[in-house]
Amino acid sequence: MNHRLIAILLAAMPLAVNAQNNDWANYSRYSEANAAVTTAPKAVLFGDSITDAWPGQDPAFFSGNNLVGRGISGQTTTQILCRMREDVVSLKPKYVVILAGINDIALNEGCAPDVRHAVENIKAMCDIARANKIRPVLCSLLPSYKIGWRPAVTDALEKVSEFNSLLKAYAEENHIAFADYHSLFADENGRMPEKYSKDSVHPNLEGYKIMEECLLEILK
């Protein structure tokens, strides 16, 4: 082999290794858990930290209803979309329950440029699901009015409202089930009550129980 070509290949090797290890969408998070699934779940609950924490808060809800959780804390709709085939389609569920978008509003790394594009990412998830005969269930964002890790974001409640309006309209137009968590939690000011969430974003067990009741009505 040409010595110059060898030198070029050797110089490129560190870049290749770095690229291989840069698991931006965190595909590796559930790789072992996915491989261990031997029976198709009724539904995959798919999303960010709210879904990530759910099985730990109420494991019986998942085991008793043949559900699996595939949430990753901090992820934006773009990252979650990347995981759709790996963490949903490969498991062959009947439903995928999608709850995502608050991290885009929080301007986390990799966020969509605006609310509309975040909703477009969720539409793409629905396209993938339906192409694989999986029924999508779309979930409204909770009435989060402050984002503790992004105090500079002062318009969270307005963006949550815009996001939910776009998502609900899409669900209605395309006959997709819609879990309206926002309406279940919003107080007279349209905000998440402290009794259900200390930070207005992540529900406590009592909050999850409300979401579970809503979701099970859809997954009958």
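As the structure is a computational prediction, the values presented were derived from the model and not from experiment. We count residues from 1, following the sequence as given.
Between Leu138 and Ile122 the shortest side-chain heavy-atom distance falls below 4.5 Å. Two residues are said to be in side-chain contact when any heavy atoms from C-beta on lie closer than 4.5 Å; Val96 and Met125 fail this criterion.
Checking side-chain atoms of Ser140 against main-chain N and O of Asn164 turns up no donor-acceptor pair under 3.5 Å. A donor-acceptor pair is defined here as one N or O able to donate and one able to accept, closer than 3.5 Å; no such pair exists between the side chain of Asp104 and the backbone of Thr76. Put simply, the side chain of Ser197 gets close to the backbone of His202: a donor and an acceptor are under 3.5 Å apart. One N or O on the side chain of Asp52 and one on the backbone of Ser73 form a donor-acceptor pair closer than 3.5 Å. Formation of a donor-acceptor pair under 3.5 Å by the Asn103 side chain with backbone atoms of Ala106 is not found in this model. In this structure, Asp23 contributes its side chain and Ser28 its backbone to a donor-acceptor pair below 3.5 Å. Of the possible polar contacts, none joining the Gln57 side chain to the Asn204 backbone as a donor-acceptor pair under 3.5 Å is found.
Scored by the ring pair (Phe, Tyr, Trp, His ring centres under 6.0 Å) test, Tyr95 finds no partners at all (sequence neighbours excluded). In this view, Thr51 satisfies the side-chain hydrogen bond (donor to acceptor under 3.5 Å, both in side chains) rule with no residue, not counting sequence neighbours. Among residues two or more places apart in sequence or in another chain, the salt bridge (charged side-chain N to carboxylate O under 4.0 Å, His left out) test is passed with Arg135 by none. With sequence neighbours excluded, no residue forms a ring pair (Phe, Tyr, Trp, His ring centres under 6.0 Å) with Tyr30. Residues passing the salt bridge (charged side-chain N to carboxylate O under 4.0 Å, His left out) test with Asp48: none are found, sequence neighbours excluded. Shown here are the side-chain hydrogen bond (donor to acceptor under 3.5 Å, both in side chains) partners of Asn34, two or more places apart in sequence or in another chain: Arg70, Asp87. Taking Tyr196 as the reference, Phe185 meet the ring pair (Phe, Tyr, Trp, His ring centres under 6.0 Å) condition, with sequence neighbours excluded. Considering only residues two or more places apart in sequence or on other chains, Glu188 meets the salt bridge (charged side-chain N to carboxylate O under 4.0 Å, His left out) condition with none of them.
Shortest non-hydrogen contact noted between Asn66 and Ala40 is ND2-O, 3.3 Å. For the residue pair Met84 and Ala129, the shortest heavy atom distance occurs at CE-CB, 3.7 Å. Considering every non-hydrogen atom in both Phe62 and Asp58, the closest pair reads CD1-O, 3.6 Å. Nearest heavy atoms, Leu142 versus Pro203: CD1-CD, 3.9 Å. Among all heavy-atom pairs drawn from Ser200 and Lys146, the shortest one is OG-O, 2.9 Å. The two residues Pro41 and Leu91 come nearest to each other via the heavy atoms CD-O, 3.3 Å.
At most 12 non-hydrogen atoms from other residues, nucleotides or ligands lie less than 6.0 angstrom from CZ of Arg85.
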request  = Quick one: do Arg29 and Arg83 satisfy side chain to side chain contact (heavy atoms under 4.5 Å, CB included)? Show the steps, please.
outcome  = CA-CA 10 Å; Arg29 166 70 187 278; Arg83 294 192 292 113; over 6 Å; no

message = Using the rule given for side chain to side chain contact (heavy atoms under 4.5 Å, CB included), can you reason through Tyr181 versus Leu99, listing the C-alpha separation, both sets of side-chain angles and the distance that settles it, and then say yes or no?
response = CA-CA 10 Å; Tyr181 296 149; Leu99 173 55; 4.1 Å; yes

key: Evaluation steps, side chain to side chain contact (heavy atoms under 4.5 Å, CB included), between Leu141 and Phe163   = CA-CA 8 Å; Leu141 295 181; Phe163 181 97; 3.5 Å; yes

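Other residues sharing the hydrophobic cluster of Leu205, ordered by chain and number and joined by side-chain separations under 4.5 Å: none, the residue standing alone.
With hydrophobic clusters built from ILVMFWY side chains whose heavy atoms lie under 4.5 angstrom apart, Leu81 does not share a cluster with Tyr27. Hydrophobic clustering, with ILVMFWY side chains joined whenever heavy atoms are under 4.5 angstrom apart, keeps Leu67 apart from Ile72. A continuous path of hydrophobic side-chain contacts links Leu215 to Ile210 [ILVMFWY only; heavy atoms under 4.5 Å]. Leu157 and Ile147 are assigned to two separate hydrophobic clusters, defined by single-linkage of ILVMFWY side chains at heavy-atom distances under 4.5 Å. Note on Tyr170: it clusters hydrophobically with Val160, by side-chain heavy-atom contacts below 4.5 Å among ILVMFWY residues.
Note: Leu184 CG to Met211 CE = 9.5 Å, rounded to the nearest 0.5 Å. If you take OG on Ser144 and CZ on Arg191, they are separated by 11.5 Å, rounding to the nearest 0.5 Å. Once rounded to the nearest 0.5 Å, the distance linking CG of Leu216 with NZ of Lys42 reads 7.5 Å. Rounding to the nearest 0.5 angstrom, the gap separating the CD1 atom in Ile176 from the SG atom in Cys126 is 4.0 Å. The CG atom of Asn108 lies 8.0 Å from the CD atom of Gln79; values are rounded to the nearest 0.5 Å.
Within the structure, side-chain hydrogen bond (donor to acceptor under 3.5 Å, both in side chains) pairs that include any residue of residues 118-129 comprise Thr77-Asn121, Thr78-Asn121, Glu120-Lys123 (at least two apart or interchain). Within the structure, salt bridge (Lys or Arg N to Asp or Glu O under 4.0 Å) contacts touching residues 153-162 (residues at least two apart or in different chains) are Asp155-Lys159. Residue pairs that meet the salt bridge (Lys or Arg N to Asp or Glu O under 4.0 Å) test with at least one member in residues 165-181, sequence neighbours left out, do not exist here.
Between the side chains of Asp199 and Trp149, not a single donor N or O lies within less than 3.5 Å of an accepting N or O. Glu109 and Trp24 share no side-chain donor-acceptor pair at under 3.5 Å.
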